[in-house]
Protein chains: 2
Amino acid sequence: MYIQQLIDKGYPVKEFPKDSIIYEPGMQPRFVYFIKKGEVRMVTVNDAGKEFIQGVFKTGQYFGEPALLINKPYLAYTIVSKNSELIPVGKTDFLNLLKDDADFSMNLIKVLSNRLFYKSMMLEELAGEKAEHRLETIINYLFLEVSSGESLKVTRQDLADMTGLRVETVIRGVKLLADKGLINLNRGKIMKV
Amino acid sequence: MYIQQLIDKGYPVKEFPKDSIIYEPGMQPRFVYFIKKGEVRMVTVNDAGKEFIQGVFKTGQYFGEPALLINKPYLAYTIVSKNSELIPVGKTDFLNLLKDDADFSMNLIKVLSNRLFYKSMMLEELAGEKAEHRLETIINYLFLEVSSGESLKVTRQDLADMTGLRVETVIRGVKLLADKGLINLNRGKIMKV
DNA sequence: CTATTGATATGATGCAGATCATAATTTAAG
DNA sequence: CTTAAATTATGATCTGCATCATATCAATAG
């Protein structure tokens with residue numbers, strides 16, 4: 001991965017404790033952040049304080065490029081979910097990285113394509129499908145990075161914040177899906193068969 | 001633009017009449033399409049036949065890269081909105097284009113970033129905001145590429161298909177926004193001041 | 001000018017999911 | 001083990017938007 005290269009080049013690693021805010025909506029982007037270790041979430045918040053999870057980023061991934069590259073202020077918060085070590089890379093350096101390293105450039109293109117895919121899928125769900133369908137879709141999506149016999153490590157509140165629903169609706173919806181045999185529950189945990 | 005270069009290189013231009021379908025959900029991607037002239041829309045359709053407009057692409061733009069690059073079947077239809085002339089570029093050729101032309105590569109990255117931005121904005125709206133707010137947001141966004149004194153050239157149905165609302169809700173919502181002085185109507189047309 | 005089609009408009013009714021309230025259960029902390 | 005905090009659970013009520021039905025208006029073709 002590219003993270004070791006950055007460290008070798010002398011980029012400093014910064015510690016971000018859980019729940020700290022890396023940036024807020026309205027701020028002008030200055031860095032792309034590479035995650036040496038940890039986990040962050042990008043969330044938008046409406047006037048009523050309702051959160052929506054735009055994305056989750058984990059060890060080895062990076063975030064914050066789109067706003068930086070198109071020079072628009074952030075529209076989301078990025079918040080540390082687990083104590084993290086991040087490597088901020090300034091705009092000029094990031095652009096040089098893209099220019100000099102065709103592989104990285106290609107990697108970014110694929111990463112952006114994957115994020116677009118996810119967002120297109122979720123837009124279709126939020127625009128056209130009701131609670132149960134949304135839940136089935138997001139659960140199957142999350143299952144992709146979980147092995148059989150394991151359970152999803154997200155709370156009902158997390159599912160709510162990813163689908164635009166309310167906790168109570170998620171709780172009831174998940175139960176309905178279980179009743180219909182579409183998912184498996186084990187002491188409340190959503191299990192991949 | 002890159003289109004003339006493609007023509008010079010001998011890529012054939014194909015005609016697509018209005019309402020023809022370029023590709024459907026489930027199909028395996030084989031081309032990226034450059035629009036020499038015309039307009040297409042990417043739409044997802046739910047089981048009940050309700051359409052959601054994922055994006056609109058016009059003369060000079062290109063579409064279809066994400067699914068091609070990450071090797072997943074399309075999840076949307078792409079339908080011709082105005083008689084169009086398209087240049088399909090096969091996967092290998094498109095990858096070579098990216099490899100050999102750093103400018104194009106950078107252009108794609110920015111294009112993808114802009115699309116992500118739009119989708120993030122709309123996700124926040126669909127997940128957390130109600131009809132009036134959604135409409136105000138999409139109208140202001142569409143205003144970006146319209147000059148003052150001009151009107152939006154979209155129908156209420158188009159607005160509905162971009163916001164996940166129903167036509168009747170859009171009609172009522174637009175009227176409410178006009179009553180509140182948040183937008184200007186002229187014989188039903190939404191005017192940019 | 002007239003007919004046809006598409007777009008906008010308006011009222012009435014129904015329902016999915018939000019909201020509010022409270023409780024049971026699980027997990028984490030001391 | 002015990003207590004506190006977080007998560008899951010369940011019922012009752014409220015509400016914004018969908019849905020259905022029908023009408024008016026605007027645009028386009030002949």
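Just so you know, these numbers use all the heavy atoms, side chains as well, and skip hydrogens, waters and symmetry mates. Every chain is numbered from 1 and lettered A, B, ... according to where its sequence line falls, protein lines coming before strand lines.
- Atom CG in Leu185(A) sits about 11 Å away from atom P in dT8(D), given to the nearest Å.
- Put simply, NZ on Lys153(B) is 16 Å from C1' on dA27(D), counting in whole angstrom units.
- Each of dA9(C), dT19(C), dT27(C) was ranked by its minimum atom distance to the side chain of Arg166(A); first place goes to dT19(C).
- Listed nucleotides: dA18(D), dA18(C), dA7(C). Nearest to the side chain of Thr169(A): dA18(C).
- Between the CG atom of Leu176(B) and the P atom of dT10(C) there is a distance of 11 Å, rounded to whole Å.
- Surrounding NZ of Lys192(B) are more than 12 heavy atoms belonging to other residues, nucleotides or ligands, all under 6.0 Å away.
- At whole-Å resolution of the value, CG in Asp179(A) and C1' in dT10(D) are 14 Å apart.
- Between the side chain of Glu168(B) and the base of dC17(D) there is no donor-acceptor pair of N/O atoms closer than 3.5 Å.
- A residue-by-residue look at Val167(A) and Lys175(B) shows that Lys175(B) has its nearest nucleotide of DNA chain C further toward the 5' end.
- Between the CG atom of Leu126(B) and the P atom of dA18(C) there is a distance of 14 Å, rounded to whole Å.
- Comparing dT7(D), dA7(C), dC20(C) against the side chain of Thr155(A) picks out dT7(D) as the nearest.
- Here the P atom of nucleotide dT27(C) and the CG atom of Asn186(A) are 10 Å apart, to the nearest Å.
- Not one side-chain nitrogen or oxygen of Lys189(A) sits closer than 4.0 Å to the OP1 or OP2 atom of dT7(D).
- Looking at Arg172(B), its side chain comes within 3.5 Å of the base of dT19(D) through a donor and an acceptor atom.
- The minimum heavy-atom distance between Phe143(B) and Ile190(B), with the atom names listed, is CZ-CG2, 3.9 Å.
- You'll find that the side chain of Arg187(A) is closest to dT27(C), out of dA18(C), dA9(D), dT27(C).
- Using a 4.0 Å heavy-atom criterion, one finds that Gly164(A) contacts the sugar-phosphate atoms exclusively.
- Transitive grouping of hydrophobic side chains (ILVMFWY, heavy atoms separated by less than 4.5 Å) keeps Tyr74(B) and Val32(B) in distinct clusters.
- Rounded to an integer number of Å, the gap from CD of Gln157(A) to P of dT19(C) is 12 Å.
- Between the side chain of Glu132(B) and the base of dC17(D), no donor-acceptor pair under 3.5 Å is found.
- Side chains of Asp93(B) and Tyr11(B): a donor-acceptor N/O pair is present below 3.5 angstrom, by distance only.
- Taking atom CD1 on Ile171(B) and atom C1' on dT10(C), their separation rounds to 9 Å, with Å as the unit.
- Atom CD of Gln4(A) has more than 12 heavy atoms from other residues, nucleotides or ligands within 6.0 Å.
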